Amino acid sequence: SGNPNAACLSDGDCPLDQSCEVSFSDFCDVGTVGFKACDNINQGTVGFLMNNHVATSGCPGKCPNNAPLGTDIYSPGFQEGCSTPGTQVGTLHRFATIRLDGNTLNDVDAAFIQSSDEQVSCNIQGLGQQRNVITFPALGLDVCKSGAVTGVTCGEVTTINLTVRI
């Protein structure tokens, strides 16, 4: 049903919606803005969270933890074939290292992209405004997410406290 990135930043005149596609300078991977957040270490620093395995992977190889801090982030993202990116919307600021040693259980796959209030909106495409409310999981709870490629998908919580090794 249309392009889920249609409302994403393209000309620098409007803020980047959450769930828009972004990509990185000199790298070919494309990912989705997770959600707007404030840095808990550097007070007042605004940005967004997304997956480390996308935010820090570089071509060739596409292994996580490879992009240097300060790498520019663009939206819309590089399209297939690594064409010209859109507007710079932030820089890779910090990430949780993913260990691929076969023995380490990685608890999180996350990167913080430093940006600004002016560049990242509180709107989640297809879902509306971000709600800063913590809801504890419960079996049967309805949940939805919005992805740059998949659009809005919904389901329900069927398991709690599940650990999956990847």
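No experiment lies behind these values; they were computed from the predicted model shown. Values reported hereafter were calculated over all heavy atoms of this structure, with side chains retained and with hydrogens, waters and symmetry mates removed.
The closest donor-acceptor contact from the side chain of Asn52 to the backbone of Ala96 lies under 3.5 Å. Side-chain atoms of Asp101 come within 3.5 Å of backbone atoms of Thr104 as a donor-acceptor pair (strictly under, hydrogens ignored). When atom types are taken as modelled, the side chain of Asp39 and the backbone of Gly44 share no donor-acceptor pair closer than 3.5 angstrom. Although no hydrogens or angles enter the test, the distance criterion places a donor-acceptor pair under 3.5 Å between the side chain of Gln119 and the main chain of Gln88. Checking side-chain atoms of Thr56 against main-chain N and O of His53 turns up no donor-acceptor pair under 3.5 Å.
The CZ atom of Phe95 lies 11.5 Å from the CG atom of Asp109; values are rounded to the nearest 0.5 Å. To the nearest 0.5 angstrom, Asn42 atom CG is 6.5 Å from Arg94 atom CZ.
Under the ring-ring contact (aromatic ring centres under 6.0 Å, His included) criterion, Phe112 pairs with His93, not counting sequence neighbours. Evaluation of the disulfide (SG to SG under 2.5 Å) rule for Cys144 yields Cys154 as partners, not counting sequence neighbours. Residues forming a side-chain contact (heavy atoms from CB on, under 4.5 Å) with Thr135 (at least two apart in sequence, or on another chain): Val133, Leu141.
Residue pairs meeting the ring-ring contact (aromatic ring centres under 6.0 Å, His included) criterion with at least one partner in residues 118-143, sequence neighbours excluded, do not occur; the list is empty. The list of salt bridge (charged side-chain N to carboxylate O under 4.0 Å, His left out) pairs with a residue in residues 136-148, not counting sequence neighbours, is empty.
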Exercise. How far apart are the C-alpha atoms of Gln114 and Leu92, what are their side-chain angles, what is the distance that settles it, and do they pass the side-chain contact (heavy atoms from CB on, under 4.5 Å) test?
Worked result: CA-CA 6 Å; Gln114 183 175 342; Leu92 178 61; over 6 Å; no
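Side-chain contact between Glu156 and Leu139 is absent, with no heavy-atom pair separated by less than 4.5 Å. Side-chain contact between Thr71 and Thr91 is absent, with no heavy atoms from C-beta onward closer than 4.5 Å. Side-chain contact check for Ile160 versus Val157: some heavy-atom pair is nearer than 4.5 Å. Between Val33 and Phe35 there is no side-chain heavy-atom pair separated by less than 4.5 Å. A 4.5 Å side-chain heavy-atom check between Lys36 and Asp117 finds at least one atom pair inside the cut-off.
Considering every non-hydrogen atom in both Tyr74 and Val89, the closest pair reads C-CG2, 4.2 Å. Scanning all heavy atoms of the two residues, the minimum distance from Ala111 to Ala55 falls at CB-CB, 3.6 Å.
Cluster annotation: Leu69 and Ile73 are assigned to the same hydrophobic cluster (Ile/Leu/Val/Met/Phe/Trp/Tyr, side-chain heavy-atom contacts under 4.5 Å, transitive).
Under a 4.5 Å side-chain heavy-atom criterion applied to ILVMFWY residues, the cluster that includes Leu100 comprises Ile98 as well.
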